[in-house]
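Everything on this sheet refers to the single structure shown next.
In what follows, chains carry the letters A, B, and so on, assigned in the order in which the sequence lines appear, proteins first and then strands, with residues in each chain numbered from 1.
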2 protein chains.
Amino acid sequence: MLRTHAHTKGGMLVKKGLSETCYRFFTNLSNPTRLATLEKLMKKPMSVNELADSLGQEQSMVSHNLKPLLQCNLVYIKREGKKRIYSVNSETLGELFKVIENHAKKFCPTGGKCILRGD
Amino acid sequence: MLRTHAHTKGGMLVKKGLSETCYRFFTNLSNPTRLATLEKLMKKPMSVNELADSLGQEQSMVSHNLKPLLQCNLVYIKREGKKRIYSVNSETLGELFKVIENHAKKFCPTGGKCILRGD
DNA sequence: TCTTCATATGTATTATTCTTCATATAAATT
DNA sequence: AATTTATATGAAGAATAATACATATGAAGA
């Protein structure tokens, strides 16, 4: 299992069994629609249709994509009459994007234009 | 673009253009082979063949999967004769897994067994 | 309860990503 | 230079995931 401080200190980086969590977590976030959704929800909580309009996507697609985000608690939901208002888990996402921002600052000189699997 | 502190404070969460970086970053990490690779490399830096043995995978597969990790600077490489020794960027990965661990502790009561797209 | 509005779900198609096998490159050794 | 060892690359087939369309569920109000 993933461990912290790697070989240098031998301490736990990621607890036993968290490998699986990581995979789900990252898979969840490795999708442009879901990232765009989070982006929108960061600005303000919205209903599914508001999101769909705002993203220029179909309602069913937005619903489909919200589902895994909800299951991983990356977004929250609350009912308001017929509507369901989604909002982000900014506790986790704030920290997460901070890490990526730091990484990008240091390691992505091209500002995200590095080719992942192109060539 | 993704912004920090969401709607509540209006500050920048993620700088303009980082959406793309996030996508590459997460895509890169949303793969069991690559996560297992990082796991191994956290314990100690290794050559490609050592990794392949250690993972019980083909050399070419390991190579293929190391490529994007290298491109995103999630692993480093150094030459040693014919061998290429890979090691993790523990600066980024340490912080990253810390975030996920915190998230899991709080939001994944089932310990990663929450179904992502199953039902 | 019937209708409307809001969202979720099922499924088939399409698109993307992984893996494997074959082969190429490249460094060191003879 | 030829051989061996280590790694990388190309490309095709296999596996996964995403999308669109149709439809189901479910709440609220007439």
Side-chain angles (χ1 to χ4, degrees), chain A residues 19-20 22-41 44-72 74-87 114-119, chain B residues 19-20 22-38 40-41 45-72 74-87 114-119:
Chain A
S19 250
E20 183 61 16
C22 288
Y23 174 64
R24 293 176 191 283
F25 192 88
F26 292 131
T27 299
N28 208 331
L29 291 165
S30 65
N31 175 294
T33 302
R34 288 192 288 275
L35 285 173
T37 298
L38 292 174
E39 208 175 319
K40 292 291 183 184
L41 290 181
K44 71 173 205 292
M46 277 187 263
S47 72
V48 177
N49 278 322
E50 281 179 291
L51 261 174
D53 286 353
S54 166
L55 291 166
Q57 308 268 226
E58 288 204 359
Q59 174 271 317
S60 76
M61 180 177 160
V62 175
S63 268
H64 275 302
N65 279 290
L66 281 168
K67 191 180 180 181
L69 291 173
L70 192 58
Q71 283 182 321
C72 273
L74 290 170
V75 300
Y76 301 130
I77 190 173
K78 96 185 138 168
R79 301 198 178 192
E80 231 175 58
K82 297 181 204 175
K83 297 188 181 178
R84 302 192 183 186
I85 308 299
Y86 284 85
S87 57
C114 53
I115 296 148
L116 180 58
R117 44 185 51 97
D119 275 40
Chain B
S19 251
E20 184 60 17
C22 287
Y23 175 63
R24 294 176 190 283
F25 193 87
F26 292 132
T27 298
N28 208 333
L29 291 166
S30 65
N31 176 295
T33 302
R34 289 193 287 276
L35 285 173
T37 299
L38 292 173
K40 292 291 185 186
L41 292 179
M46 276 188 263
S47 72
V48 178
N49 277 322
E50 281 181 289
L51 261 174
D53 285 353
S54 165
L55 291 166
Q57 306 269 222
E58 289 203 359
Q59 172 272 317
S60 76
M61 182 177 158
V62 174
S63 267
H64 275 303
N65 279 291
L66 280 167
K67 191 179 180 182
L69 291 173
L70 192 58
Q71 284 182 322
C72 272
L74 291 170
V75 301
Y76 301 130
I77 191 173
K78 96 185 140 171
R79 301 199 179 191
E80 232 176 58
K82 298 180 204 176
K83 298 189 179 177
R84 303 194 181 183
I85 309 298
Y86 284 85
S87 57
C114 54
I115 296 147
L116 181 57
R117 42 187 51 98
D119 272 41

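In this structure, A/L66 atom CG and C/dA8 atom P are separated by 7 Å, rounded to whole Å. Atom pair A/K83:NZ and C/dT4:C1' shows a separation of 14 Å (rounding to whole Å applied). The distance between atom CE of B/M46 and atom C1' of D/dT7, rounded to the nearest whole Å, is 16 Å. We find that CD of B/Q71 is positioned 15 Å from C1' of C/dT17, with the value rounded to whole Å. The interatomic distance linking A/L69 (CG) with D/dA18 (C1') rounds to 14 Å, in whole Å. Taking atom NZ of B/K67 as the reference point, atom P of C/dC18 lies 13 Å away to the nearest angstrom. One can place CG of A/D53 at 14 Å from C1' of C/dT7, the figure rounded to the nearest angstrom. In this structure, B/R24 places its CZ atom 14 Å from C1' of C/dT16, rounding to the nearest Å.
When each of C/dA8, D/dC21, D/dA8 is scored by its nearest atom to the side-chain atoms of B/V48, the top-ranked nucleotide is D/dA8. The side chain of B/Q59 sits closest to D/dT7 out of C/dT7, D/dT7, C/dT19. The side chain of B/K82 has C/dA27 as its nearest neighbour among D/dA28, C/dC18, C/dA27. The side chain of B/R34 has C/dC18 as its nearest neighbour among C/dT7, D/dA28, C/dC18. The side chain of A/E58 lies closest to D/dC21, out of D/dC21, C/dC18, D/dT7.
Every stem involving DNA chain D, taken as at least 3 paired positions in a row under the Watson-Crick or G-U wobble test at 3.5 Å, is listed here: C:1-30 with D:1-30.
Dashed line: the shortest gap from a side-chain N or O of B/Y23 to OP1 or OP2 of C/dT16 is not under 4.0 Å. The phosphate of D/dA6 (OP1 or OP2) has no side-chain N or O of B/R84 nearer than 4.0 angstrom. Distances shown here put every side-chain N or O of B/R79 at or beyond 4.0 Å from the OP1 or OP2 atom of D/dT7. One finds no side-chain N or O of A/Y86 lying less than 4.0 angstrom from the OP1 or OP2 phosphate oxygen of C/dA6. A close approach under 4.0 Å does not occur between any side-chain nitrogen or oxygen of B/N65 and OP1 or OP2 of C/dC18. Contact annotation: A/S60 side-chain N/O to C/dT7 OP1/OP2 distance is not under 4.0 Å. Here B/N49 reaches the OP1 or OP2 of D/dT7: one of its side-chain N or O atoms lies under 4.0 Å away. The shortest distance between the side-chain N/O atoms of B/T27 and the OP1/OP2 oxygens of C/dT17 is not below 4.0 Å.
For B/Q57, the side chain to side chain contact (heavy atoms under 4.5 Å, CB included) partners at least two apart in sequence or on another chain are B/T33, B/L55, B/M61, B/V62.
One N or O on the side chain of A/R34 and one on the backbone of A/N28 form a donor-acceptor pair closer than 3.5 Å.
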Show me the side-chain donor-acceptor pairs of residues 45-52 of chain A shorter than 3.5 Å, one per line, residues at least two apart or across chains.
residue	atom	partner	partner atom	Å
A/S47	OG	A/E50	N	3.2
A/S47	OG	A/E50	OE1	3.2
A/E50	OE1	A/S47	N	3.0

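Under the stacking definition used here (centres under 5.5 Å, planes under 30°), the residue A/H64 qualifies as stacked on the base of C/dT9.
In terms of heavy atoms, B/L38 sits closest to B/L74 at CD2-O, 4.3 Å.
A distance of 9.5 Å separates OG1 of A/T37 from CD of A/E39, quoted to the nearest 0.5 Å. Rounding to the nearest 0.5 Å places OH of A/Y23 at 8.0 Å from OG of A/S30. Atom NZ of A/K67 and atom CD1 of A/I77 lie 12.0 Å apart (nearest 0.5 Å). One distance of note links CG of A/L70 with CG of A/N65; it measures 12.5 Å at 0.5 Å rounding.
Where A/S30 and A/E80 each meet DNA chain D at their nearest nucleotide, the meeting point lying more 5' is that of A/S30.
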